[in-house]
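Structure first, commentary second.
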Amino acid sequence: LDQLGGGVFAGPQRIAFGQGSLKQTDQPLDVALTREDEFFAVRTTDGDTGEQSVRLTRNGQFSLNAANELVTQQGHPVLSTDEEPIIIPAGSKPQIGPTGGILINGEPIAQLQVARVANTEALQKMGENLFDFEGSDPREIIDDPLLNPGMIELSGADPIRTLMSVIDASKSAMSNANMMRYHDLLMDRAVNTLGSVA
């Protein structure tokens, strides 16, 4: 019995930070990163405690809220290199430049914070395209980043390959369940049949 296999086991989970394909939007507040270890910094607020935290995201599809703050699609304020939310003067038409500058009539009013994380394995998924980190802050703020304005980064997951992986995982799970039934049958025979003959 000790030599019976254990079947299929769940493997460790990991996050694929590979660069996704880019989509041209020509929207002035859309911007895409150029390296897989780079992130935008945003500020989130806990709805229960009101505690504010810094989170990271690769989604550069930004807009303005009612307070003229630059925010993510979920409404989280985007941070500047000064660790402060970026506020746009009312009535102006901002756009993001290729080095992360927030420009109004070609003049910079703020600098978008782009941070490099050397050890991306330290990041944890939080949902809403956000990543959290524990312990020391892993951010290394880039002074002069190279971005793709007017573009957004699409998902790095290939839907066809992902579907095939799900199908393979389902087959493995079904095979494992069948093997457990066979083991149960062998145990039943070993205890009730062989044991009674002895």
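- A salt bridge between R139 and E83 is present, with a side-chain N of the basic residue lying under 4.0 Å from a carboxylate O of the acidic one.
- Side chains of P89 and I104 form a contact here, defined as non-hydrogen atoms less than 4.5 Å apart.
- Ring geometry for F39 versus F131: interplanar angle over 60°, hence perpendicular rather than tilted (30 to 60°).
- Rounded to the nearest 0.5 angstrom, L103 CG and I109 CD1 are separated by 8.5 Å.
- Remark: F40 CZ to N129 CG distance equals 12.0 Å, nearest 0.5 Å.
- Between the side chains of N59 and Q73, at least one donor N or O lies within less than 3.5 Å of an accepting N or O.
- With values rounded to the nearest 0.5 angstrom, L130 atom CG is found 6.5 Å from T72 atom OG1.
- Clustering ILVMFWY residues whenever any of their side-chain heavy atoms sit less than 4.5 angstrom apart, transitively, puts V42 in the very cluster that holds M126.
- For the pair H76/R55, no side-chain contact is recorded, criterion being any heavy-atom separation below 4.5 Å from C-beta on.
- Linking Ile, Leu, Val, Met, Phe, Trp and Tyr residues whenever their side-chain heavy atoms come within less than 4.5 Å places L29 and V31 in a single cluster.
- Linking ILVMFWY side-chain heavy atoms closer than 4.5 Å, directly or via other members, places I152 and V78 in two distinct hydrophobic clusters.
- Between S53 and T44, some side-chain heavy-atom pair lies under the 4.5 Å cut-off.
- A heavy-atom distance below 4.5 Å is found between the side chains of Q111 and P145.
- The hydrophobic clustering, which links ILVMFWY residues whose side-chain heavy atoms are closer than 4.5 Å, places L147 and L70 together.
- Between atom CG of residue L22 and atom CG of residue L154 there is a gap of 7.5 Å, rounded to the nearest 0.5 Å.
- Under the 3.5 Å distance criterion, the side-chain polar atoms of N148 are left unmatched by any main-chain donor or acceptor of M151.
- With rounding to the nearest 0.5 Å, the separation of OG1 in T25 from CG in D30 is 3.5 Å.
- The number of heavy atoms from other shown groups lying within 6.0 Å of CG (D137) is above 12.
- S92 places no side-chain N or O within donor-acceptor distance of the main-chain N or O of P94, the cut-off being under 3.5 Å.
- R58 places a side-chain N or O within donor-acceptor distance of the main-chain N or O of E38, the cut-off being under 3.5 Å.
- A donor and an acceptor atom, one from each side chain of Q74 and E128, are nowhere located under 3.5 Å apart.
- No hydrogens or angles considered: nothing links the side chains of T120 and D37 as a donor-acceptor pair under 3.5 Å.
- The minimum heavy-atom distance between Q24 and G150, with the atom names listed, is NE2-O, 3.6 Å.
- Both I96 and I142 are part of a single hydrophobic cluster, where members link through side-chain heavy atoms under 4.5 Å apart.
- Of all heavy-atom pairs spanning A110 and I86, the tightest one is CB-CG2, 4.0 Å.
- The heavy-atom pair separating E69 from P85 by the smallest distance is OE2-CB, 3.9 Å.
- Counting heavy atoms from C-beta on, the side chains of F62 and L112 come closer than 4.5 Å.
- Within the 4.5 Å cutoff, side-chain heavy atoms of I102 are placed close to those of I88.
- In the displayed structure, E134 atom CD is contacted under 6.0 Å by at most 12 heavy atoms of other residues, nucleotides or ligands.
- Checked by atom type and distance alone, the side chain of Q113 pairs as donor or acceptor with a backbone atom of S80 at under 3.5 Å.
- In this structure, L146 CG and T34 OG1 are separated by 5.0 Å, a value rounded to the nearest 0.5 Å.
- Contact annotation: the side chain of D132 never approaches that of L123 to less than 4.5 Å [non-hydrogen atoms, C-beta and beyond].
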